[in-house]
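As structure tokens, the structure follows; a few thoughts come after it.
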Amino acid sequence: MDFELSDEQRLLRDTLREFVDKDIRPVAREWEATDRYPTEIVDKMKDMGLFGLTVPEEYGGLGADMVSFALVFEEISKGWMGVAGTIGSHSLACWLIARYGTAEQRARFLPDLATGARRGGIGLTEPGAGSDLQGITTTARRDGDSYVINGAKTWITNARYADPLPVLVKTAQTTPAHLGMSVILVERGTPGFTVLRDLPKLGYKGTESCEVLLEDVRVPAENLLGGVEGQGMKQVLSGLETGRLNVAARALGVAQAAYDEAFHYAGQRRAFGRTIQDFQAVQLKLAELAIKVQSARLLVYWAASRADAGERVDLESGMAKVFASEAAQECALIAMQIHGGYGYSKEFVVERLYRDAPLMMIGEGTNDILRMVIAKSLISGKGSIG
């Protein structure tokens, strides 16, 4: 059992830390406060090849292992979690096309997705269907050599830039519903595809989250992911295992940032003639932060390493996502308490961490839903602990 990163993974981590220190931290407070889209940071991530994380090397991508994948989201989220969302949904779209796309789809989309010349997203959630994906109402009707899509999606990251956007639709009305669900790749600029608005958010700023309307959107039939109808739910659920590793790693980054800020502040802030880190009450909080952060890290890396071994990781990624996201929320609050009144000020990083943390308990499957997934895996015998 090896708990150490490889030389390549350490080099990647150190490169990412340098990038975050140079290009993200200096602008994060100002740009987050104004909800400014981080164009310059996105361009730098393109240059670094980060848009090709889940694109196989044969198509020009990094073909990264899942531990390295997690490291990317952890390190970027330590600087500004919102930025990580730009490559999060993109990486999931790339993974779906690489895993399930036809040879023609892979050849047409993946090289440009790897460089960021194209960006991806994922169109799952609807105004009336989030956790219950089988309840979506977006439809795609076959009409000759095309599909005609009608419906609406919400909370879509990269909505304005996605090219293509994999959209989960119903191509048939079946019982159970998932047997009639498919994923269709909608390319940018297709008539009838409209971004209605950006959703106002508590945190997760910078990266766009949009409502999308699809009215008689005509898409070539060859854009049906995998070329076979009725496979969409299976494709999406498989992809969400990778998505949950991304979210878990982002949460880990927020939790680590909360610890770093609290530890530094406790060593600088003086009260009653000494630094507050000398007080037992503060020491207990610092210890609690350290325990939560490192526990989350071990779960995230464990889940990622299981994925690298070629295993199904619905259990492992679910556990990592639940624990890390709740640790992020708890660590952000503890860090705010250590900062006292300053923790409530926008001049200090912990205020942003406290607003960013809740998203990870919702995104890629709410924690309540994932607890059910975990329990069912254990009860069925597909997963086990100990």
Side-chain angles (χ1 to χ4, degrees), residues 35-39 42 45 51 54 73 81-97 109 113 116 118-140 147 149-170 181-217 219 223 225 232-233 235-237 239-240 242-244 246-247 250 356 358-366 369:
D35 206 4
R36 179 192 188 280
Y37 191 81
T39 301
V42 169
M45 291 194 293
F51 280 85
T54 56
F73 289 98
M81 192 279 290
V83 171
T86 306
I87 56 171
S89 295
H90 171 90
S91 296
L92 177 51
C94 293
W95 190 92
L96 286 172
I97 296 170
F109 293 118
L113 287 169
R118 288 179 183 259
R119 292 186 219 170
I122 186 74
L124 305 181
T125 302
E126 298 185 1
S131 297
D132 178 19
L133 284 179
Q134 294 195 69
I136 66 168
T137 59
T138 298
T139 61
Y147 284 97
I149 305 175
N150 282 281
K153 298 291 181 178
T154 192
W155 293 107
I156 308 304
T157 300
N158 291 339
R160 288 188 178 83
Y161 300 93
D163 186 21
L165 179 70
V167 176
L168 185 65
V169 300
K170 286 184 175 174
M181 299 173 72
S182 306
V183 172
I184 296 180
L185 308 175
V186 179
E187 295 179 71
R188 188 178 180 187
T190 303
F193 180 91
T194 306
V195 176
L196 296 178
R197 65 170 181 141
D198 289 72
L199 293 161
K201 298 171 293 186
L202 172 70
Y204 189 46
K205 304 209 173 192
T207 297
E208 59 183 4
S209 302
C210 301
E211 287 183 343
V212 170
L213 182 64
L214 301 103
E215 292 183 301
D216 293 329
V217 175
V219 178
N223 282 26
L225 184 64
M233 193 65 160
Q235 294 165 348
V236 164
L237 290 180
L240 286 175
T242 301
R244 284 164 189 152
N246 146 30
V247 173
R250 281 197 253 172
D356 278 345
L359 173 70
M360 272 78 75
M361 294 190 291
I362 301 168
E364 307 298 298
T366 67
I369 289 292

Original post:
Judged by atom type as modelled, is there a donor-acceptor pair below 3.5 Å linking the side chain of His90 to the main-chain atoms of Gly121?
Top reply: no
Original post:
Is there a side-chain contact between Val236 and Met181 (heavy atoms, below 4.5 Å)?
Top reply: no
Subject >> Residue pair Met45 / Val83, side-chain heavy-atom distance below 4.5 Å >> reply: yes
**OP:** Check Leu92 against Gly239 and note the closest heavy-atom contact, atom names and distance.
**Re:** CD1-O, 3.1 Å
Original post:
Taking side chain as C-beta onward, heavy atoms only, is Lys153 less than 4.5 Å from Ile136?
Top reply: yes
**OP:** Taking all heavy atoms of Asn223 and all of Leu185, pick out the closest pair and write down the distance.
**Re:** ND2-O, 2.8 Å
Original post:
When Asn150 is tested against each of Thr138, Asp216, Thr139 for side-chain hydrogen bond (donor to acceptor under 3.5 Å, both in side chains), which residue passes?
Top reply: Asp216
Subject >> Pair Asp163 + Arg118: basic N to acidic O under 4.0 Å >> reply: yes
Original post:
If only atom types and distance count, is the side chain of Arg250 paired as donor or acceptor with the main-chain N or O of Phe73 below 3.5 Å?
Top reply: no
**OP:** Please assess Glu208 against Val195 for the test side chain to side chain contact (heavy atoms under 4.5 Å, CB included), listing each intermediate value before the final yes or no.
**Re:** CA-CA 11 Å; Glu208 59 183 4; Val195 176; 6.0 Å; no
Original post:
Do side-chain atoms of Thr207 reach the backbone of Gly82 as a donor and acceptor pair under 3.5 angstrom?
Top reply: yes
Original post:
Which pairs pass salt bridge (Lys or Arg N to Asp or Glu O under 4.0 Å) with one or both residues in residues 129-138, sequence neighbours excluded?
Top reply: none
Subject >> Least distance between heavy atoms, Ala93 atom then Gly120 atom >> reply: CB-CA, 4.0 Å
Subject >> side-chain contact (heavy atoms from CB on, under 4.5 Å) partner of Val217, the single match among Ile184, Val169, Val167, Ile149 >> reply: Ile149
**OP:** Answer whether the closest heavy-atom distance between the side chains of Tyr37 and Val42 falls below 4.5 Å.
**Re:** yes
Subject >> Full working for side chain to side chain donor-acceptor pair (under 3.5 Å) between Glu215 and Thr194 >> reply: CA-CA 8 Å; Glu215 292 183 301; Thr194 306; 5.3 Å; no
Original post:
What heavy-atom pair brings Pro164 and Ile97 nearest, and what distance separates the two atoms?
Top reply: CG-CD1, 4.1 Å
Original post:
What distance do Leu96 atom CG and Thr242 atom OG1 have between them, rounded to the nearest 0.5 Å?
Top reply: 8.5 Å
Subject >> Interatomic spacing from CD1 in Ile87 to OG1 in Thr157 - rounded to 0.5 Å >> reply: 12.0 Å
Original post:
Rounded to the nearest 0.5 Å, how far does OG of Ser209 lie from CD1 of Ile156?
Top reply: 9.0 Å
Subject >> Thr125 OG1 to Trp155 CH2 distance, which is reported to the nearest 0.5 Å >> reply: 10.0 Å
Original post:
Would a distance-only check, ignoring hydrogens and angles, find a side-chain to backbone donor-acceptor pair under 3.5 Å from Lys170 to Gln134?
Top reply: yes
**OP:** Please round to the nearest 0.5 Å and tell me the distance separating atom OG of Ser89 and atom CG of Leu165.
**Re:** 9.0 Å
Original post:
In Å, rounded to the nearest 0.5 Å, how long is the span from CD of Glu187 to CZ of Phe193?
Top reply: 12.0 Å
**OP:** Please confirm whether the backbone N or O of Cys210 pairs with a side-chain atom of Asp198, one donor and one acceptor, at under 3.5 Å?
**Re:** no
Original post:
If every non-hydrogen atom of Leu213 is compared with every non-hydrogen atom of Gly151, which pair is closest and at what distance?
Top reply: CD1-O, 3.6 Å
Original post:
Does the pair Glu364/Arg244 count as a salt bridge with the N-to-O cut at 4.0 Å?
Top reply: no
Original post:
Which heavy-atom pair separates Leu133 from Met233 by the least distance, and what is that distance?
Top reply: CB-CE, 3.7 Å
Original post:
Is there a donor-acceptor pair closer than 3.5 Å between any side-chain N or O of Glu126 and the backbone N or O of Thr137?
Top reply: yes
